[in-house]
**Q** 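Structure below; questions to follow.
Throughout, numbering of the chain's residues begins at 1 and tracks the sequence.
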Amino acid sequence: MTARLGLGTYRCLDVAEAALMAASRGADWVDTAPNYAGGRAETWLAVVLAAYPDLRVSTKVGFVPASASHIGVRAGALSAADAERGHCLAPDYIAWQLARSRRMLGRVPDLVFVHNPEHGCPDGEITDRLYKAFLALEEACSQQAISAYGVATWRGFSSGLFDVPTLIELAAKAGGPSHHLRAIQLPVSLVHLAPVAQALDGHGPLADALAAGLEVFASAPLHGGEIPGMVPPELSELISPGKTPAEAALAVVASSPGVKRVLLSTGNPEHWGQAAEAVGRPSLSPDALRRVVDVLGT
């Protein structure tokens, strides 16, 4: 198995407690965003990051925390209209939010994702929006304000709004051949199985990211905790005989071509331990993954 389990904080009720639990059990990555936990996730993580200096962290730019929108407007980094929309990828806002995230986290993040760039984007403008965001992020990298960046999306790939080759082209245009685009994040699960099916056939975002050397972060691997209740015993046995539905579902995600990190949102030590064991097992074979795709479709 080449994937590793990381903590996603979107659904964590207590971000600090979940991060402390995961870090104490060997997690090496935590993913967050300024708008998570009512805008407090980054601040809550700071204590854990200080206690575990080897714990790597990714955050995001895009969604505007409601608790900080008026501060951004007063600082001149955010227009009133963007504050009202709750999402902004303007260069001034990106620079302001990056500085704020560094203060909240207490360190330079290892990776910053452009968060759902498709959100509220008018038709035909996604390429320009991404290019301008990449320019701002390349500038931040040149100033050592961040180390690298990526794109986290819920439907950007699945809807055909953009693909990995387009992201690579835009990053090279913004930062040259030594650009700092390093990763993508997208939902991969038994519900979002299309990327797996595509990768098995050698195309789609997972295969393209693998070919380009980008890390793939798989989000929502249990679809917000719904998948274990959706998996019948027969399917669980087909995937991983003798394992629970959650373990079988995680095995599919962790075995998917190109996936490097599986982001699980949980503060439950038992659930984390089971997930870490499932992700740490030898990968399912391509034939086994194809059987799952054949049974479930895409």
Side-chain angles (χ1 to χ4, degrees), residues 8-10 31-36 39 41-42 58-66 68-69 72 77-79 81-101 109-141 145-175 179-188 192 194-195 204-206 208-209 212 214-220 261 263:
T9 56
Y10 176 57
D31 179 73
T32 194
N35 58 310
Y36 290 177
E42 291 179 325
S58 50
T59 190
K60 304 179 180 74
V61 290
F63 285 103
V64 180
S69 61
L78 188 65
S79 71
D82 284 335
E84 179 68 23
R85 280 191 291 269
H87 190 275
C88 182
L89 286 173
D92 286 348
Y93 176 70
I94 288 177
W96 180 82
Q97 181 58 65
L98 291 178
R100 186 173 187 272
S101 289
D110 296 279
L111 187 64
V112 174
F113 286 105
V114 179
H115 199 179
N116 287 6
E118 69 273 16
H119 183 83
C121 189
D123 291 344
E125 294 186 15
I126 189 66
T127 300
D128 185 59
R129 175 180 282 193
L130 282 166
Y131 174 60
K132 290 177 179 177
F134 286 6
L135 279 174
L137 290 164
E138 288 289 347
E139 176 63 20
C141 289
I146 62 173
S147 301
Y149 64 92
V151 174
T153 179
W154 187 255
R155 63 178 186 88
F157 295 119
S158 61
S159 64
L161 281 173
F162 50 82
D163 56 19
V164 169
T166 298
L167 299 182
I168 295 291
E169 180 181 348
L170 292 172
K173 183 180 177 183
H179 63 78
H180 295 82
L181 177 68
R182 296 288 184 270
I184 60 171
Q185 184 180 141
L186 71 161
V188 183
H192 294 276
L206 302 187
D208 290 342
L214 300 183
E215 287 199 34
V216 174
F217 290 67
S219 61
R261 295 190 182 275
L263 297 175

**Q** Drop me the distance from His87's NE2 to Cys121's SG, to the nearest 0.5 angstrom.
**A**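 Answer for the NE2-SG pair, His87 versus Cys121, is 9.0 Å.
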
**Q** Could you tell me which non-hydrogen atom of Ile184 sits nearest to which non-hydrogen atom of Ala209, and how far apart they are?
**A** CD1-CB, 3.8 Å

**Q** Restricting to non-hydrogen atoms, name the atom on Gly39 and the atom on Pro65 that form the minimum distance, rounded to 0.1 Å.
**A** CA-CB, 4.3 Å

**Q** Answer yes if the side chains of Ser58 and Asp31 hold a donor-acceptor pair under 3.5 Å, and no otherwise.
**A**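 Side-chain D/A pair, Ser58 to Asp31: present.
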
**Q** Which residues pass the side chain to side chain donor-acceptor pair (under 3.5 Å) test with His115, sequence neighbours left out?
**A**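 Side chain to side chain donor-acceptor pair (under 3.5 Å) list for His115, sorted by chain: empty.
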
**Q** So which of Arg182, Glu138, His179 actually passes side-chain hydrogen bond (donor to acceptor under 3.5 Å, both in side chains) with Tyr149?
**A** Glu138

**Q** List in chain and number order the residues that pass side chain to side chain donor-acceptor pair (under 3.5 Å) with Lys132, two or more places apart in sequence or in another chain; answer none if no residue qualifies.
**A** Asp128

**Q** Quick one: pull up CD1 in Ile126 and OG1 in Thr153 and give me the separation to the nearest 0.5 Å.
**A**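 Interatomic distance, Ile126 CD1 to Thr153 OG1, rounded to 0.5 Å: 8.0 Å.
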
**Q** Suppose we screen for side chain to side chain donor-acceptor pair (under 3.5 Å). Which residues come up paired with Ser159, at least two apart in sequence or across chains?
**A**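 Ser159: no side chain to side chain donor-acceptor pair (under 3.5 Å) contacts found.
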
**Q** Taking all atoms of both residues into account, what is the closest heavy-atom pair of Asp208 and Pro165, and its distance?
**A**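 Closest approach of Asp208 to Pro165, heavy atoms only: OD2-CD, 3.6 Å.
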
**Q** What heavy-atom pair brings Ser69 and Ala66 nearest, and what distance separates the two atoms?
**A** OG-O, 3.2 Å

**Q** Just by distance, do the side chain of Lys60 and the backbone of Val112 share a donor-acceptor pair under 3.5 Å?
**A**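 No, Lys60 side chain to Val112 backbone: no donor-acceptor pair under 3.5 Å.
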
**Q** Taking ring pair (Phe, Tyr, Trp, His ring centres under 6.0 Å) as the definition, give me every residue that meets it alongside His180, ordered by chain and number, with sequence neighbours left out.
**A** none

**Q** I want to check something: taking the side chain as every heavy atom from C-beta on, are Leu206 and Leu186 in contact at a cut-off of under 4.5 Å?
**A** yes

**Q** Report yes if some heavy atom in the side chain of Phe63 is under 4.5 Å from a heavy atom in the side chain of Pro34; otherwise report no.
**A** no

**Q** Would you please test Thr59 and Tyr36 for side chain to side chain contact (heavy atoms under 4.5 Å, CB included) and show each step?
**A** CA-CA 10 Å; Thr59 190; Tyr36 290 177; over 6 Å; no

**Q** Locate the shortest heavy-atom distance separating Leu161 from Glu118; write the atom from each residue and the value.
**A**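 Closest approach of Leu161 to Glu118, heavy atoms only: CD1-CB, 3.5 Å.
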
**Q** Please list all pairs passing the side-chain hydrogen bond (donor to acceptor under 3.5 Å, both in side chains) test where one or both residues lie in residues 88-101, with sequence neighbours left out.
**A** Glu42-Ser101, Tyr93-Gln97, Gln97-Ser101

**Q** Please find out if less than 6.0 Å separates the ring center of Phe157 from that of Phe162.
**A**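 Yes, close enough.
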
**Q** Which distance, rounded to the nearest 0.5 Å, do you find between the CD of Glu139 and the CZ of Phe134?
**A** 16.0 Å

**Q** Minimum heavy-atom separation for Gly150 and Leu181, please, with both atom names.
**A**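 The pair with the smallest heavy-atom distance is CA-CD1, 3.7 Å.
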
**Q** Report yes if some heavy atom in the side chain of Tyr10 is under 4.5 Å from a heavy atom in the side chain of Leu263; otherwise report no.
**A** no

**Q** At what distance, to the nearest 0.5 angstrom, does CD of Glu169 lie from OG1 of Thr127?
**A**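 The distance works out to 8.5 Å.
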
**Q** Less than 4.5 Å apart, any side-chain heavy atom of Leu214 and any of Ile168?
**A** yes

**Q** With Arg155, which residues qualify under side chain to side chain donor-acceptor pair (under 3.5 Å), at least two apart?
**A**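 Partners of Arg155 by the side chain to side chain donor-acceptor pair (under 3.5 Å) criterion come out as none, since no residue qualifies.
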
**Q** Do the non-hydrogen side-chain atoms of Ile94 and Leu137 ever get within less than 4.5 Å of each other?
**A** yes

**Q** Between Leu89 and Pro117, is any pair of side-chain heavy atoms under 4.5 Å apart?
**A**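 In short, these two side chains touch, coming nearer than 4.5 Å.
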
